[in-house]
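First comes the structure, then the notes that go with it.
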Amino acid sequence: MIGRGQRSAVAAQYAQRRLEMLRTSGCKSQAGGSEVLKRGSASLDSLTWRFAVTSPSHWQIVVRSKYQTALGKWRTDSTETQISCLF
């Protein structure tokens, strides 16, 4: 059970872990995707990510997180970064 007020922290940590994995593999593969974080049979968070070309050898990674708050409402947060593939 996740306590009230901790849902956004869990969602943010989950999105940051995925973003770090995408940063390390982003120069080899720029495939978008999605995944769902579950605890038991309950879905806690869903992530989608995409890559956008900003210039030759530079990519922007956008990760969107959608999770349910303690009050039962849905919230969407977004995290983005850029990577350079100059080697």
Side-chain angles (χ1 to χ4, degrees):
M1 176 104 178
I2 297 177
R4 184 179 174 118
Q6 292 179 328
R7 292 175 189 255
S8 60
V10 169
Q13 289 173 353
Y14 181 53
Q16 288 304 111
R17 284 193 305 268
R18 171 50 67 188
L19 185 62
E20 283 304 311
M21 288 188 270
L22 293 169
R23 282 172 41 104
T24 59
S25 64
C27 289
K28 295 178 187 169
S29 172
Q30 295 83 31
S34 64
E35 65 185 13
V36 176
L37 173 65
K38 290 188 174 199
R39 187 163 288 160
S41 62
S43 297
L44 298 179
D45 191 3
S46 67
L47 293 180
T48 57
W49 59 87
R50 66 179 174 82
F51 286 81
V53 178
T54 57
S55 67
S57 302
H58 292 82
W59 296 89
Q60 178 185 33
I61 307 170
V62 180
V63 177
R64 294 203 188 273
S65 174
K66 185 176 180 182
Y67 60 95
Q68 195 170 19
T69 66
L71 299 176
K73 307 245 185 221
W74 287 93
R75 179 177 174 148
T76 302
D77 289 329
S78 178
T79 306
E80 60 185 70
T81 191
Q82 289 190 358
I83 57 173
S84 295
C85 304
L86 299 174
F87 47 91

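Just so it is clear, the structure is predicted and the values come from calculations on it, not from any experiment. Throughout, numbering of the chain's residues begins at 1 and tracks the sequence.
Using a cutoff of 4.0 Å between basic side-chain nitrogens and carboxylate oxygens, Arg23 and Glu20 are scored as salt-bridged.
In this structure, CG in Leu22 is found 12.5 Å from CZ in Arg50, a value given to the nearest 0.5 Å. Interatomic distance, Glu80 CD to Gln60 CD, rounded to the nearest 0.5 Å: 4.5 Å. Taken to the nearest 0.5 Å, the OG atom of Ser65 stands 9.0 Å off from the CG atom of Leu37. Here the OG1-CZ distance, from Thr79 to Arg18, works out to 13.5 Å after rounding to the nearest 0.5 Å. Rounded to the nearest 0.5 Å, atoms CZ (Arg64) and CH2 (Trp49) are 14.5 Å apart. To the nearest 0.5 Å, the span separating NZ on Lys66 from OG on Ser43 amounts to 11.5 Å.
Here the side chain of Ser29 pairs no donor or acceptor atom with the backbone of Ser25 at under 3.5 angstrom.
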Practice item. Decide yes or no on side-chain contact (heavy atoms from CB on, under 4.5 Å) for Gln30 and Ile61, but give the supporting numbers first. Key: CA-CA 9 Å; Gln30 295 83 31; Ile61 307 170; over 6 Å; no
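Under the rule for a side-chain contact (heavy atoms from CB on, under 4.5 Å), the partners of Ser34 that lie at least two apart in sequence or sit in another chain are Thr48.
The side-chain heavy atoms of Val53 and Trp59, taken from C-beta on, include a pair separated by under 4.5 Å.
Of all heavy-atom pairs between Cys27 and Ser84, the closest is SG-O, 3.9 Å. Considering all non-hydrogen atoms of both residues, Val36 and Tyr14 come closest at C-OH, 3.7 Å. Of all heavy-atom pairs spanning Val62 and Ser78, the tightest one is CG1-OG, 3.8 Å.
The cluster map of Ile, Leu, Val, Met, Phe, Trp and Tyr, joined by side-chain heavy atoms under 4.5 Å apart, puts Trp74 and Val63 in different clusters.
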